Amino acid sequence: MSEAYSPIPELNLLKEFEGRIGRVHYSDGFELREYGADSGLDTWSEHPEFLSRFIPFARANGSGSDYALWRCDDRTDLATLPVVLVGDEGHLYVIARDLMELFQLLLIDSEPMYDFGFLDAEDVEEHSEGHHEFRVWLKRTFGLEPPEDPHALWSGRKESDDRFRDWASRFVELDDR
């Protein structure tokens, strides 16, 4: 049996990075959790088709929101699936088009905001203790830099979010946007 954190190489590398830097935060509110563990999605719907399409993997903020991959199709490269925010205040939406885009957004070092995604990097006043190491690691490992325009990424994920909302509305009532 494999001792890997997940079947996703990118998440396994992030888990190894976490192990190296110790128990410090490297992006505000973000923390890997047990891969595939319950994230409260059953409070939205207990329908098996709904629940089977999510793979929770991380905390998104300090108040109980989570990130989960949305199995929108049967692709084998799970890192290319859209990332959904399962909000603690009743929000459910696509936050990033894929795992690499989420990693890039995490470089901002801010918790996600429901109505616009993430702050601009220059609006973050204080960085997490391990943020510099995280930034260096993401650049070296994946060639990622903080997004120049996080609002463009927020707009760019709209097509995935619209598709998600069409699908999810078969099982749950979503807020009007």
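Each residue takes its place number in the sequence, starting with 1. Computed from a predicted structure; not experimentally measured.
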Within the side chain of [X], is there an N or O that forms a donor-acceptor pair under 3.5 Å with the backbone of [Y]?
X	Y	value
Arg33	Asp38	yes
Arg157	Val94	yes
Asn61	Gly64	yes
Asp109	Ser128	yes
Asp98	Ala79	no

**Pairing of Arg20 and Glu133 as salt bridge, 4.0 angstrom limit** =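 Salt bridge between Arg20 and Glu133, a charged N being under 4.0 Å from a carboxylate O: no.
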**SB check Arg75 Asp77 (cutoff 4.0 Å)** =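 No.
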**Asked** Are Leu14 and Thr141 close enough that some pair of their side-chain heavy atoms sits under 4.5 Å apart?
**Response**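 Answer no - side chains too far apart.
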**Prompt:** Quick one: are Glu145 and Lys139 in side-chain contact, heavy atoms under 4.5 Å?
**Reply:**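 Glu145 vs Lys139: side chains touch.
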**Item:** Phe164-Trp70 aromatic ring centre distance below 6.0 Å
**Value:**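 Yes: the rings meet the under 6.0 Å criterion.
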**CD/Glu46: more than 12 non-hydrogen atoms of other groups inside 6.0 Å** =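 Counting neighbours around CD of Glu46, 12 or fewer heavy atoms of other residues, nucleotides or ligands fall under 6.0 Å, so no.
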**Asked** Counting heavy atoms not belonging to Arg135, are there more than 12 under 6.0 Å from its CZ?
**Response**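 12 or below, so no.
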**Rounded distance (nearest 0.5 Å) linking atom CZ of Phe134 with atom CD of Glu18** =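 So the gap between those two atoms works out to 9.0 Å.
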**Message:** Working to the nearest 0.5 angstrom, can you tell me the gap between Asn12 CG and Ser6 OG?
**Reply:**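 It is 4.0 Å, given to the nearest 0.5 Å.
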**Request:** Going by the ring-ring contact (aromatic ring centres under 6.0 Å, His included) test, name the single residue among Phe142, Tyr5, Tyr26 that passes it with Phe17.
**Result:**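 The residue from Phe142, Tyr5, Tyr26 that satisfies ring-ring contact (aromatic ring centres under 6.0 Å, His included) with Phe17 turns out to be Tyr26.
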**Request:** Any chance you could lay out the side chain to side chain contact (heavy atoms under 4.5 Å, CB included) test for Phe57 and Leu99, step after step, and finish with the verdict?
**Result:** CA-CA 11 Å; Phe57 65 92; Leu99 201 53; 3.8 Å; yes
